[in-house]
Chemist: 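Before I ask anything, here is the structure I am working with.
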Amino acid sequence: MITIEHLTKRYGAQPAVSDVSFSCEPGTVTGFLGPNGAGKSTTLRSLVGLTTPTSGRATVAGRDYRDLPNAGRQVGVLLDAGAQHAGRTGREVLTLSALVLGVGQERVDEVLGRVGLAGKPAGKRVGNYSLGMRQRLGLATALLGDPQVLVLDEPANGLDPDGIWWMRGLLRGFADRGGTVLLSSHLLREVEAVADQLVVIAGGRIVAQGSKQELLGGRGTVVRGPDRALLDRALHAAGIAVVPGEGDALVADAEPLAVGQAVAAAGVVLTELRPAGGEGLEELFRSLTHSDGTQQVQEVAA
Amino acid sequence: MSTLTAAEGTTAATPAISPPSLLALTRVELRKSYDTRAGRWLLFTIGLASLGVVAIALFVDDAPKTFADHFAITQFPIGILLPVLGILLVTSEWSQRSAMTTFTLVPRRSRVLTAKVGAAGLLALLGVVAAALASALATVLTPVFTDSPMDWGIGGDQVLQVVLVQLLNVLAGVAFGMLLLSSPLAIVLFFVLPTAFSILVNLVGALQWVRDWLDLSTATTPMYEGDLDAQGWAQVATSVALWVALPMALGWLRIRRAEIS
């Protein structure tokens, strides 16, 4: 269980994170979404005691991270896969951590197998690892102490599609067994598939948060047909509000069933009819997080 | 894989979790000093340097040939390399960015620093032992290669003061590492600053007392022979305050407060 309450971190006058609050329950995966520089890493670093917040509090199981008896046994952390001595082998990196955690060498072998680095890769120097292998090693370090909580910053970076799929399964399984997972990403698609709860941050502030269903649901139905004007008229006639969608599609403010019935009653031909959910969240994410970007582009253009 | 999954990430009652002991953390820090190629080479060089020095001493005709003499001479290369070892023990965490992992696993940073100081001290003792072994070898070989007899005499004062001076050397390195958190900067400043300081105070006659009381290398030189007198001890204390205690205190505070990234 992770609780973040009114967390604020300022560097001089510059706020990196302002009044961030959210919590992560056992048995769930929380996706912490936002563009680069939105304050995700600052929040996670404050949570694990690498940064001292200006105000507010972050706790794990009700305690400050610094007050956990043996932090690595309770919280598995992967903030930066590059934060390892390039001259050590993967196995040696894990052995050092195992000595701190007080777990045996057999546990090192176990997690090496778990993340797919057993055998030859374990004996290679981290300096010769690909980014994907470093992410796997970082994940192995996080899992080493058999924690109940995982905190991962952009864990999918550098993983190939197979690796991303594998990691999703691993995190899902971890949460399904009662663990708490908090993972950050700047890519919606990456966390959408695995997260139960989403927290969206932009410009250091939380701009949206809720369960995936809450953020996805109630966003209408995408409808498309050969004659757009006819379709528009048919839906209006049935009292369904319509806004233009992507390309020649329309987004109707109603359930697919109601839209289908209205269109059938008017005898209009359809080529597409589906809930607008996925795009809803993506639109939301884009509009929430890209506004600064577009402004900058406009300034540059002007 | 299926056999492992059952044991992972469950909220089942966990046995009482004990914090890592200082002993365990010191072991970890010691291990970090030799588990990379660079670290192993540095330790190997320290051993090699003491052998090299006694080899030269053996074949230079007018060089003194007793165990005590060899023991004193071998301390000099070790005294130069130990500070580098001390610096790297701290700064490699930053140059290699492993500090993030280290301090995430042990968020009470002072415990890690205490362990580093402990590991540095043990390595200094090992350095003295290596010097003693090289000196013993040289003493055994003295009658073989020279006309001098074997002479094993050594005073307790010398052993004690040599051990102490090497502890000070390695801790001075640790202190500079903590203060500067950068390997090249700390190594360069460690050797340049005291030298520049010595030159300055030697040039200006009025600063003579500064050299006597605040120059670490001047103050500690008699220790290699075990010749420190009462005023000498006081001078070592004041120089250590400036070159070891002060940078370590500042560095300790810096690391405790630093943003680790």
Side-chain angles (χ1 to χ4, degrees), chain A residues 11 26-27 41 45 48-52 64-80 82-89 92-93 95-97 99-102 110-111 113-114 125-126 138 141 143 145-151 170 173-181, chain B residues 1-41 88 92-112 115 256-261:
Chain A
Y11 294 101
S41 295
R45 286 151 43 77
V48 301
L50 293 177
T51 295
T52 311
D64 280 353
Y65 185 87
R66 279 179 209 200
D67 295 334
L68 296 173
N70 195 338
R73 298 288 290 271
Q74 285 136 299
V75 188
V77 181
L78 166 57
L79 292 190
D80 184 345
Q84 288 300 351
H85 197 299
R88 295 199 177 106
T89 64
E92 179 61 22
V93 164
T95 302
L96 287 173
S97 295
L99 286 170
V100 174
L101 295 172
E110 238 175 80
V111 291
R114 189 101 201 274
R125 280 174 223 285
V126 176
T141 309
L143 292 170
D146 192 16
Q148 286 88 53
V149 178
L150 284 179
V151 175
L170 189 142
F174 185 89
D176 289 346
R177 286 188 299 278
T180 309
V181 181
Chain B
M1 197 157 160
S2 57
T3 51
L4 294 174
T5 47
E8 305 264 3
T10 51
T11 47
T14 40
I17 293 166
S18 56
S21 66
L22 267 180
L23 196 70
L25 293 178
T26 307
R27 243 184 100 197
V28 168
E29 295 304 329
L30 266 182
R31 193 174 168 118
K32 285 180 187 173
S33 71
Y34 63 80
D35 71 356
T36 63
R37 219 181 301 182
R40 274 196 296 275
W41 269 106
L88 293 178
S92 66
E93 298 266 8
W94 272 264
S95 59
Q96 296 285 339
R97 305 188 53 231
S98 52
M100 234 172 143
T101 310
T102 302
F103 292 119
T104 306
L105 280 181
V106 187
R108 287 174 213 174
R109 298 179 192 172
S110 286
R111 285 176 71 80
V112 175
R256 280 199 54 164
R257 293 182 182 174
E259 178 117 344
I260 311 282
S261 56

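Numbered from 1 within each chain, the chains take letters A, B, ... in sequence-line order.
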Chemist: Assess whether atom CZ of B:Arg256 is packed by more than 12 heavy atoms of other residues, nucleotides or ligands within 6.0 Å.
Modeler: no
Chemist: Got a second to check how far A:Glu92's CD is from B:Arg31's CZ, nearest 0.5 Å?
Modeler: 4.0 Å
Chemist: Which bit of A:Arg45 is near chain B, if near means a heavy-atom gap under 4.5 Å: side chain, backbone, both or neither?
Modeler: side chain
Chemist: Rounded to the nearest 0.5 Å, what separates atom CG in A:Asp80 from atom OG in B:Ser98?
Modeler: 11.5 Å
Chemist: What is the distance from atom OG1 of B:Thr102 to atom CD of A:Gln84, rounded to the nearest 0.5 Å?
Modeler: 8.0 Å
Chemist: Side chain, backbone, both or neither: which part of B:Val28 has an atom under 4.5 Å from a heavy atom of chain A?
Modeler: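 For B:Val28, the contact with chain A is made by backbone and side chain together.
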Chemist: Where the side chain of B:Arg108 meets the backbone of A:Arg66, is there a donor-acceptor pair that is under 3.5 Å apart?
Modeler: yes
Chemist: Considering only heavy atoms, which portion of B:Ser261 lies under 4.5 Å from any heavy atom of chain A: side chain, backbone, both, or neither?
Modeler: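 Both parts, heavy atoms under 4.5 Å.
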Chemist: What's the spacing between B:Met100 CE and A:Leu78 CG if we round to 0.5 Å?
Modeler: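 Those atoms lie 9.0 Å apart.
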Chemist: How about CZ on B:Arg109, more than 12 heavy atoms from neighbouring residues, nucleotides or ligands closer than 6.0 Å, or not?
Modeler: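 More than 12 within 6.0 Å, yes.
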Chemist: Relative to chain A, which segment of B:Ala258 carries a heavy atom at a distance below 4.5 Å: side chain, backbone, both, or neither?
Modeler: backbone
Chemist: Looking at A:Val100, A:Val77, A:Leu79, which has the largest count of heavy-atom pairs under 4.5 Å with chain B?
Modeler: A:Val100
Chemist: Name the region of B:Leu25, side chain, backbone, both or neither, that has any atom closer than 4.5 Å to a heavy atom of chain A.
Modeler: side chain
Chemist: Go through the steps to decide whether A:His85 and B:Lys32 satisfy the test side-chain contact (heavy atoms from CB on, under 4.5 Å), and finish with yes or no.
Modeler: CA-CA 10 Å; A:His85 197 299; B:Lys32 285 180 187 173; over 6 Å; no
Chemist: Check each atom of B:Ala24 against the heavy atoms of chain A and say whether the ones under 4.5 Å are side chain, backbone, both or neither.
Modeler: side chain
Chemist: Check whether B:Thr104 gets within reach of chain A through its side chain, its backbone, both or neither, counting any heavy atom under 4.5 Å.
Modeler: both
Chemist: Calculate, to the nearest 0.5 Å, the distance between atoms OG1 and CG belonging to B:Thr101 and A:Leu50 respectively.
Modeler: 9.0 Å
Chemist: Which bit of A:Leu68 is near chain B, if near means a heavy-atom gap under 4.5 Å: side chain, backbone, both or neither?
Modeler: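 For A:Leu68, backbone heavy atoms alone lie under 4.5 Å from chain B.
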Chemist: Please find the pair of heavy atoms, one from A:Pro69 and one from B:Ile17, that lie closest to each other, and give the distance.
Modeler: CB-O, 3.6 Å
Chemist: Taking the side chain as every heavy atom from C-beta outward, state whether A:Val48 and B:Pro107 have any pair of such atoms under 4.5 Å apart.
Modeler: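 Of all side-chain heavy-atom pairs linking B:Pro107 with A:Val48, none is under 4.5 Å.
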Chemist: Counting only heavy atoms closer than 4.5 Å, note whether A:Thr95 contacts chain B via side chain, backbone, both or neither.
Modeler: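 The side chain, not the backbone.
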